[in-house]
Amino acid sequence: MPTYDLIVIGAGPGGYVCAIRAAQLGLKVACVEGRETLGGTCLNVGCIPSKALLHASHMLHETHENFEKMGLMGAKPKVDWAKMQGYKAETVGGNTKGIEFLFKKNKIDWLKGWASIEAPGKVKVGDQIHETKNIVIASGSEPASLKGVEVDNDAGIVVDSTGALSLPKIPKSMVVIGAGVIGLELGSAYARLGAEVTVVEFLDAITPGMDGEVQKQFQKILAKQGLKFVLGAAVSEVEVEKDKAEVKYKLRKDDSEHEIKAECVLVATGRRPYVAGLGLDKIGVALTDRGFIQIDDHWQTSAPGIYAIGDAVPGPMLAHKAEDEGMAVAEVIAGKHGHVNYDVIPGVIYTTPEVASVGLTEEAAKAGDRKVKVGKFPFMGNARAKALFQAEGFVKLIADAETDRVLGCHIIGPNAGEMIHEICVAMEFGASAQDIALTCHAHPTCSEAVREAALACGDGAIHA
Ligand code: FAD
Ligand code: NAI
C-alpha cells in the first residue's frame, strides 16, 4: 500500500492550497518543498513582499504629497531602508509560518527537500522514495532570462524581481526592462521611495493584453508620478561598470541606438515555468513548445496519476489562478468535480491607483461579430475617490449589446483590486449590466462608480 494518497510537489499557492483541500477531503497528503519556508514564490519573493513595499512607499507618498493638503502638518518622514526591509520580512514570515500551522492542522506532512519523480507513484526526496497514489506538480515559475543581460541579485546592480525586493539600498536611478506587472509595481514603488525610474519596453504600449484605454490612462498617471517611459525599444545589452550599469537599446521605429546609465537595472521581462530536476522526460510528462507542462481539462498530464497546476502549466501566472486549480485538482483526485472558470479570473496591478480587470477587453469583445456596449464612468464624478486624491481613473464596463450580459470590466482607481470582485460575482451569475445598475450601492463608496458605469450601459450615469 502506498504511504500517501497524494504527494504535492511545491508549496506555493497552487501546491499548498491543493494539499489543504485534499486533506480536508480525507486524503493522506504530503507536500514537498525545497525552499526553507512554505508559500512558494508568492509568499516568499512575489505577491506578499512586493505588496509590503508598495504599501510602505504609498504611505510615504501620502505623507509627502497629501498630508499637508488635509491639514496634517509636521516633519515629513524619512526612509529607514533596513527597517522597511524588516517590516517586509515580518510580513512574509507571518504568512509563511501561517501555512506551516495550516499543514499541521490538516495533518499534511511537509517533506523537506527537492523532489524528483522516479515513476508514476514514486517521488524521491533526498535519499528516500515515497510511494503515493497520485502526484500533483505545482513547481511554479522563475524569472525569464534576457539575452545579453546577466542578473546578479547579490551584487544588487542588475537584478530580477527577487533581487529588487531586497536591494542593499534605494538606488538614485533605476532602469526597468519590461513594462509588465512586475516592472510597473516595483518601478512605481522605487519611484515613490526617491529613485529616478525609466521603464524600457519592447512593445508600443505598457501592460500588454490590457484594455487599450486603460493602458493609455495608466501610462499617463504613472508618468505624472515621475516614471519615464521608452516604448518600442529592444534592449540588446546591459554592461556593468563598477557600481553602475549601462542599458543599451535600439528603438524599433528607426533602429537608432541609445543607452541609459543607472545605479540599478531591474529585468522584468516575464517568467517561465520551473520544471528543472523533476525528471519529467524520464517518466513521459509532455511539455508544450513554451516549456509548460501539458495538461488536459482535468489538470492530468500525459503520465497516469500525475497532475500539474499553477505557473508550471499554461494560463495566467497568478497566485489565485494557481489556488483555484489547486482546489479543483484536489477535488478531481478525491472523486469530485473540480472546476475553474478561466473566463472569470481577475487581474490586478497593485500600483496607486490600482488597476484591475476581468473578462474581455473592449478590443477583444469587438473582435468577433458580437455587438457590444461600453459604459464608462470617471472617478472625477465619485466623491470618495476625490477625497482620496485618486480620481484620475475610471470604470469601464463592457456588455453584450443584445443580451446586456456583462462581458468584462476594467478599473483604474482606488481599491480597484477589491472592487473588481463585484463584477467577478456578477459574471459568475451571468448578470446583465442592468442587474448591477439596479443594485443599491452604499454612498459614499468608490464602488458607486461601478454602478454608474453599469447605468452608462443603459439610460445613462447620474453623476457624469
Ligand atoms: P510558486 O509560487 O512558484 O511555488 C512553487 C514552489 O515549488 C516553490 O516554492 C519552489 O521552491 C517549489 N519547487 C519547485 N520545484 C520543486 C521540487 N522539485 N521539489 C520541491 N519543491 C519544488 N500573483 C498574483 O496573483 N498577485 C500578485 O500580486 C503577484 N505578485 C507577484 C510579484 C512578484 C514579484 C512575482 C515574482 C510574482 C507575483 N505574482 C503575483 C505571481 C505569483 O507569485 C505566482 O503566480 C504564484 O506564486 C504561482 O504559484 P505556484 O504555486 O504555481 O508556484
Ligand atoms: P509580464 O509578462 O507582465 O511583462 C513583461 C514585459 O516585458 C512585457 O511588457 C514585454 O513586452 C516586455 N519585454 C519582453 N522582452 C523585452 C525586451 N527584450 N525589452 C524590453 N521589454 C521586453 O512579466 P513580468 O512583469 O515579468 O511578470 C511576470 C508574471 O508575474 C506575470 O505573468 C504576472 O502575471 C505575474 N505577476 C503578477 C502580479 C500581479 O498580479 N499583481 C505582480 C507581479 C507579477
Side-chain angles (χ1 to χ4, degrees), residues 8-18 31-51 53-54 96 111-117 123-125 137-144 146-149 160-162 164-165 176-187 199-210 230-236 247 249-250 252 266-280 308-313 315-323 325-326 345-351 354-356 417:
V8 181
I9 300 176
Y16 84 73
V17 167
C18 175
C31 183
V32 195
E33 176 53 62
R35 266 178 219 272
E36 296 291 307
T37 48
L38 300 173
T41 303
C42 177
L43 270 66
N44 290 285
V45 289
C47 325
I48 302 307
S50 62
K51 266 76 243 178
L53 288 187
L54 279 157
T96 56
L111 307 176
K112 295 183 184 179
W114 297 97
S116 60
I117 306 174
V123 175
K124 190 172 176 195
V125 185
I137 303 168
S139 52
S141 63
E142 61 179 351
L146 188 57
K147 210 172 140 237
V149 185
D160 58 27
S161 58
T162 302
L165 290 166
V176 174
I177 308 178
V181 200
I182 291 182
L184 298 181
E185 283 189 354
L186 292 178
V199 183
V200 181
E201 165 61 44
F202 182 79
L203 298 172
D204 295 324
I206 67 169
T207 56
M210 278 221 158
V230 182
L231 302 182
V235 170
S236 52
V247 178
Y249 65 88
K250 225 182 214 186
R252 292 196 297 128
L266 163 58
V267 185
T269 51
R271 294 178 63 83
R272 63 179 173 214
Y274 181 75
V275 294
L278 285 168
L280 298 186
I309 57 167
D311 279 12
V313 304
M317 287 178 151
L318 295 171
H320 41 283
K321 176 258 192 188
E323 290 184 37
E325 288 179 339
I345 294 179
V348 179
I349 307 179
Y350 297 86
T351 43
E354 290 181 351
V355 181

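For this chain, numbers begin at 1 and follow the sequence in order. Atoms within a ligand are numbered from 1 in the order they appear, just like the ligands themselves.
Of the options Pro49, Gly310, Pro13, Pro346, the smallest heavy-atom separation from atom 49 (O) of ligand 1 is shown by Pro13. Comparing Val355, Thr207, Leu318 against atom 40 (O) of ligand 2, the shortest heavy-atom distance belongs to Leu318. Selection from Gly46, Ser161, Gly180, Gly270 by nearest heavy atom to atom 23 (O) of ligand 2 gives Gly270. In the candidate list Ala322, Gly183, Cys42, Ser139, Ser139 is nearest to atom 15 (N) of ligand 1, counting heavy atoms. Ranked by closest heavy atom to atom 34 (O) of ligand 2, the top entry among Met317, Arg272, Glu354 is Met317. Heavy-atom proximity to atom 38 (C) of ligand 2, evaluated over Leu231, Asp160, Val181, is greatest for Val181. With Gly10, Pro143, Gly46 as candidates, the residue nearest to atom 34 (C) of ligand 1 on a non-hydrogen basis is Gly46.
The shell of residues lying under 4.0 angstrom from ligand 1, judged by heavy atoms, includes Arg271. Between Lys51 and ligand 1 there is a heavy-atom distance shorter than 4.0 Å. By the 4.0 Å heavy-atom criterion, Val45 is counted among the residues contacting ligand 1. For the pair Gly277 and ligand 1, no heavy-atom separation below 4.0 Å is found. Within the 4.0 Å heavy-atom shell around ligand 2 one finds Ala268. Not close to ligand 2: Ala234, with no non-hydrogen atom less than 4.0 angstrom away. In this structure, Gly113 counts as a contact residue of ligand 1, since one of its heavy atoms falls inside 4.0 Å of the ligand.
No N or O atom of Ser50 sits closer than 3.5 Å to an N or O atom of ligand 1. On a distance-only criterion, Glu185 and ligand 1 share no N/O pair closer than 3.5 Å. Looking at ligand 1, you'll find an N or O of Ala115 within less than 3.5 Å of one of its N or O atoms. At a 3.5 angstrom cut-off on N or O pairs, Met317 counts as close to ligand 1. Among the atoms of His320, some N or O lies under 3.5 angstrom from an N or O of ligand 1. Considering backbone and side-chain N/O atoms, Ile177 never comes within less than 3.5 Å of an N/O atom of ligand 2. For ligand 1, the polar-atom distance check finds an N/O of Gly34 within less than 3.5 Å of one of the ligand's N/O atoms. Between Ser161 and ligand 1, not a single N/O pair is under 3.5 Å apart. Residue Ile182 places at least one N or O, backbone or side chain, under 3.5 Å from an N or O of ligand 2. Of the N or O atoms in Ile309, none lie within a sub-3.5 Å distance of an N or O in ligand 1. Between Tyr350 and ligand 1, not a single N/O pair is under 3.5 Å apart. Considering backbone and side-chain atoms alike, Leu146 places every N or O at 3.5 Å or more from each N or O of ligand 2. Between Arg271 and ligand 2, a contact under 3.5 Å exists for no N or O pair. For Glu185, a nitrogen or oxygen atom sits less than 3.5 Å from a nitrogen or oxygen atom of ligand 2, counting backbone and side chain alike.
Shortest contact from atom 13 (N) of ligand 1 to any protein heavy atom: Trp114 CZ3, 3.7 Å. Looking from atom 38 (C) of ligand 1 to the surrounding protein, the closest heavy atom is Cys47 N, 3.9 Å. Of all protein heavy atoms, the one lying nearest to atom 10 (C) of ligand 1 is Glu33 OE2, 3.4 Å. For atom 3 (O) of ligand 1, the nearest non-hydrogen atom of the protein is Thr41 OG1, 2.6 Å. For atom 9 (O) of ligand 2, the closest non-hydrogen atom on the protein side is Glu201 OE1, 2.6 Å.
Remark: the Asn44 side chain and the Thr37 side chain contain an N/O donor-acceptor pair separated by less than 3.5 Å.
The proximity of Ala319 to ligand 1, defined as any non-hydrogen pair under 4.0 Å, involves the side chain as well as the backbone. The proximity of Ala138 to ligand 1, defined as any non-hydrogen pair under 4.0 Å, is limited to the backbone. Within the 4.0 Å heavy-atom criterion, neither part of Ser116 lies near ligand 1. For Leu186, no heavy-atom contact with ligand 1 is shorter than 4.0 Å. When heavy-atom distances to ligand 1 are checked against a 4.0 Å cut-off, Val125 has no atom that comes that close, whether in backbone or side chain.
Within ligand 2, counting atoms from 1 as listed, the ones closer than 4.0 Å to a heavy atom of Pro208 are 8 (C), 9 (O). Below 4.0 Å from some heavy atom of Leu203 lie the following atoms of ligand 2, by number and element: 11 (O).
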Show me, pair by pair, the donor-acceptor contacts under 3.5 angstrom made by side chains of residues 201-208, not counting sequence neighbours?
residue, atom, partner, partner atom, Å
Glu201, OE1, Ala179, N, 2.7
Glu201, OE2, Leu203, N, 2.9

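Inter-residue side-chain proximity for Val8 and Val32 is flagged as unmet; no heavy-atom pair is nearer than 4.5 Å.
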Between Val230 and Tyr249, does a side-chain contact (heavy atoms from CB on, under 4.5 Å) hold up when you go through it step by step?
CA-CA 10 Å; Val230 182; Tyr249 65 88; 3.6 Å; yes
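Across all their heavy atoms, Glu185 and Val348 have their closest contact at OE2-O, 4.1 Å. When all heavy atoms of Cys31 and Ala11 are compared, the closest pair comes out as SG-CB, 3.7 Å. Between Leu165 and Val45, the shortest heavy-atom contact is CD1-O, 3.2 Å.
A salt bridge is absent between Lys112 and Glu33; no separation between the charged side-chain nitrogens and carboxylate oxygens falls under 4.0 Å.
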